[in-house]
K.L.:
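Here it is, the structure in full.
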Protein chains: 2
Amino acid sequence: MTDTPARLLKLLSLLQTPREWPGGELADRLDVSPRTIRRDIDRLRDLGYPVEASRGSVGGYRLVAGAAMPPLLLDDEEAVAIAVGLRAGAGHAIEGVDEASVRALAKLEQVLPSRLRHRVSALQNATVALTRGDGSTIDPRTLTTLASAVTGRERLRFAYLSGDGTPSKRLVEPCRLVSAGQRWYLVAYDLGREDWRTFRVDRVGEPYATGARFAPRPLPVEGPPDAPAAGPDGARDGSGGGSGKAHGSGGGDAAVFLARSMRRMQPELRLDVRFSAPAEFVAARLPAHLGAPEPDGEGGCRLRSSCTDSLEWVALRLALVDCEFSAQGPPQLVEYLADLGSRLTRAARPV
Amino acid sequence: MTDTPARLLKLLSLLQTPREWPGGELADRLDVSPRTIRRDIDRLRDLGYPVEASRGSVGGYRLVAGAAMPPLLLDDEEAVAIAVGLRAGAGHAIEGVDEASVRALAKLEQVLPSRLRHRVSALQNATVALTRGDGSTIDPRTLTTLASAVTGRERLRFAYLSGDGTPSKRLVEPCRLVSAGQRWYLVAYDLGREDWRTFRVDRVGEPYATGARFAPRPLPVEGPPDAPAAGPDGARDGSGGGSGKAHGSGGGDAAVFLARSMRRMQPELRLDVRFSAPAEFVAARLPAHLGAPEPDGEGGCRLRSSCTDSLEWVALRLALVDCEFSAQGPPQLVEYLADLGSRLTRAARPV
DNA sequence: AGCCATTAGGCCAGATCATGACCTGATGAA
DNA sequence: TTCATCAGGTCATGATCTGGCCTAATGGCT
């Protein structure tokens, strides 16, 4: 309160309000002389925060965009808003910022005052998860716990339900959190199995950081390659995996590792859809990870790709393209579309 | 860099990483003696930041949740992630945090380094707006400009397209930004018309803060009431308006004011839908502002309410409830559902 | 049980730095 | 023009910060 550093923090916080602050007013608020304010502004500038000043009678200081992110000083409601927004987003994992978004959420939730926590979870519950029906909704708390363990390099203990339904207890050294399409995966070294494994986050139960830190292990550049060369499937372009940066975790890239192990175990949805609209039109209205449609026939295009998203989600995205289309496959998708179509038709026929 | 306050900020930033930091490591990173680190930790604690320490050989410091929000120190990717997430959310305006979310976005964008800006907008474009079709997508930039002007109490100049399509130029003193359902509205005092007006944000073009500050005017408690008493429509509960807090802007509540003026001008969608599922089931899967369904018949329920959302959006939400339903009205909705239903049916029938 | 790494904090000397009070200029708006 | 603002110099005083020493307590590991 009476400290210089504290005052600087307060000053930063005031300047973040989107308005201009005359030096006098700042001096008043912070209980120092205007001269000191000027000096403080100087200091902030030296620190790299670009404080812009406009002179003249309606002038004042304000913080503008600069080279580095200044510390964000949020009030309660803003913090809650961000937390809620990120948690909602954690489900759909916006294309390129998947992991960073979870990291930010973890950072925020780590310091979120407890009185705000219940507001967040209340709002969270009020928000209807958009992609229901899949059954496997992701718990943001699980996600942030895992993210914390990854960046904190802490060992993790959790219960896991493998694909065939057998439960197990795991103790792992988490390496990376990766999102692929609708799902999240944890790439980690399993201390029990003494090998690298990938875990589907929605099948992880009650994760718990043991507190023990570990030295990062290099990811195997590649074990037994199940395909000879680089692009066994060809289709996806390089950026498809989502989490671009390699995070500098030594060895191989976690996204690549994930793609490998997924190819072995994931039942994919092999899409084949024809649209009666130009490729650009369709591409602009589809999530990038679903792949790119190619021109086909006059004014039409065709999308052939594969994804691991849920049926409902895919159907929804297709419908939202808002043009005539026709699904050739996979069969489950065709069936689901038929079902949804007739349900809506029935809904439109008053009883 | 060489300054005490700078070091404190750095320290805060390090502590926000979700891991434990031994004092020695901190001292090393910040290039000061361990003793100074201990003192700095003390200082942070005095400032109210709850730094927790665990002793013992694997101990260390970490920042935990406390009474107040500490300044968030984000790295580049995290900042981008939050910005993208909030912008995506700005469209759907999550129930209770509408305005705070925009305020946070404004605060962030004010200081977001320009090299990150283009990353944000690139990702933004990659993300398909979920509620297309309406045509009136909201520009996040517009929204944040308006929000800044509201909290900064700066006069605004913008072009406006009124409901009947006539363009005009406005100079206003913005009072509040309110979200109702899918849309955003600006409540402001129009200096040209010399009266209070509400503007639909999606019809605002090129807003621009003049820089001139103004003293907040009290909102009229109510002008000519077009309905006798408090609840003319009865249906909605108090929290329906969205933006709970009155923001202490003197006079009447902006949300109330908006509701009044909207009642005069908005073509509402008067929903009437019967679901073949229990009321609780349906309520849990519908956004709260669409109203609450009431039990009707055996194991069914009926939703009668009104909203100003777009047709497509409402239809989507209804379909996502994932149970048999039947729309009695309004006619546009029935027609749209029939159309969508047959389109999906066609899509499921391979050519 | 014993060892070790960690936090916690007292004391002191010396250097550094922040503060407020004064001053002069420059700038932009009304 | 006149005013309010930013910008910065200088100076004396006093507070404060730092590093280095010290001791104590705690918790995990072997």
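So you know, we letter chains A, B, ... as the sequences are listed, proteins then strands, and number each from 1.
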K.L.:
Could you state the atom-to-atom distance from CG of D46(B) to P of dC17(D) in whole Å?
P.N.:
11 Å

K.L.:
If you round to the nearest 0.5 Å, how far is CD of E78(A) from CG of D76(A)?
P.N.:
9.5 Å

K.L.:
Are side-chain heavy atoms of R200(A) and Y160(A) found at a separation under 4.5 Å?
P.N.:
yes

K.L.:
Could you give the CG-to-P distance, from L8(B) to dA18(C), as a whole number of Å?
P.N.:
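One finds 13 Å between P of dA18(C) and CG of L8(B), rounded.
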
K.L.:
Taking only the side-chain nitrogens and oxygens of S33(B), find out if one of them lies under 4.0 Å from OP1 or OP2 of dT18(D).
P.N.:
no

K.L.:
Verify the neighbour count for atom CZ of R45(B): are there more than 12 heavy atoms of other residues, nucleotides or ligands below 6.0 Å?
P.N.:
yes

K.L.:
What integer distance in Å separates R155(B):CZ from dA29(C):P?
P.N.:
15 Å

K.L.:
What's the CD1-C1' distance between I37(B) and dT18(D), to the nearest Å?
P.N.:
12 Å

K.L.:
Could you list the residues that satisfy side-chain hydrogen bond (donor to acceptor under 3.5 Å, both in side chains) with R62(B), not counting sequence neighbours?
P.N.:
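For R62(B), no residue satisfies side-chain hydrogen bond (donor to acceptor under 3.5 Å, both in side chains) once neighbours in sequence are set aside.
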
K.L.:
Aromatic ring centroids of W21(A) and Y61(A) under 6.0 Å?
P.N.:
no

K.L.:
Quick one, give me the B/S/- string for nucleotides 2-8 of chain C, reading 5' to 3', where B means a protein heavy atom under 4.0 Å from the base and S means that only happens at the primed atoms, P, OP1 or OP2.
P.N.:
---BSBB

K.L.:
So does L73(B) get a backbone contact from the side chain of K107(A), meaning a donor-acceptor N/O pair under 3.5 Å?
P.N.:
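Looks like yes, one N/O pair under 3.5 Å.
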
K.L.:
Going by the rule side-chain hydrogen bond (donor to acceptor under 3.5 Å, both in side chains), which residues pair with D31(B) if we only count those two or more places apart in sequence or in a different chain?
P.N.:
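Result, side-chain hydrogen bond (donor to acceptor under 3.5 Å, both in side chains) vs D31(B): none returned.
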
K.L.:
Atom CZ of R35(B) and atom P of dC21(D): how far apart are they, to the nearest Å?
P.N.:
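That distance rounds to 14 Å.
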
K.L.:
Would you say R43(B) places a side-chain N or O within less than 4.0 Å of OP1 or OP2 belonging to dC17(D)?
P.N.:
yes

K.L.:
Round to a whole Å and report the spacing from CG of L11(B) to P of dT18(D).
P.N.:
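Answer to the nearest Å: 12 Å.
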
K.L.:
Please report, rounded to the nearest Å, how far the P atom of dA18(C) is from the CG atom of D31(A).
P.N.:
19 Å

K.L.:
Using atom CD of E25(A) as one end and atom P of dA4(D) as the other, report the distance to the nearest whole Å.
P.N.:
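It is 15 Å, rounded to the nearest whole Å.
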
K.L.:
Can you find a side chain N or O atom of R39(B) that sits less than 4.0 Å from OP1 or OP2 on dC11(C)?
P.N.:
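Result: no.
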
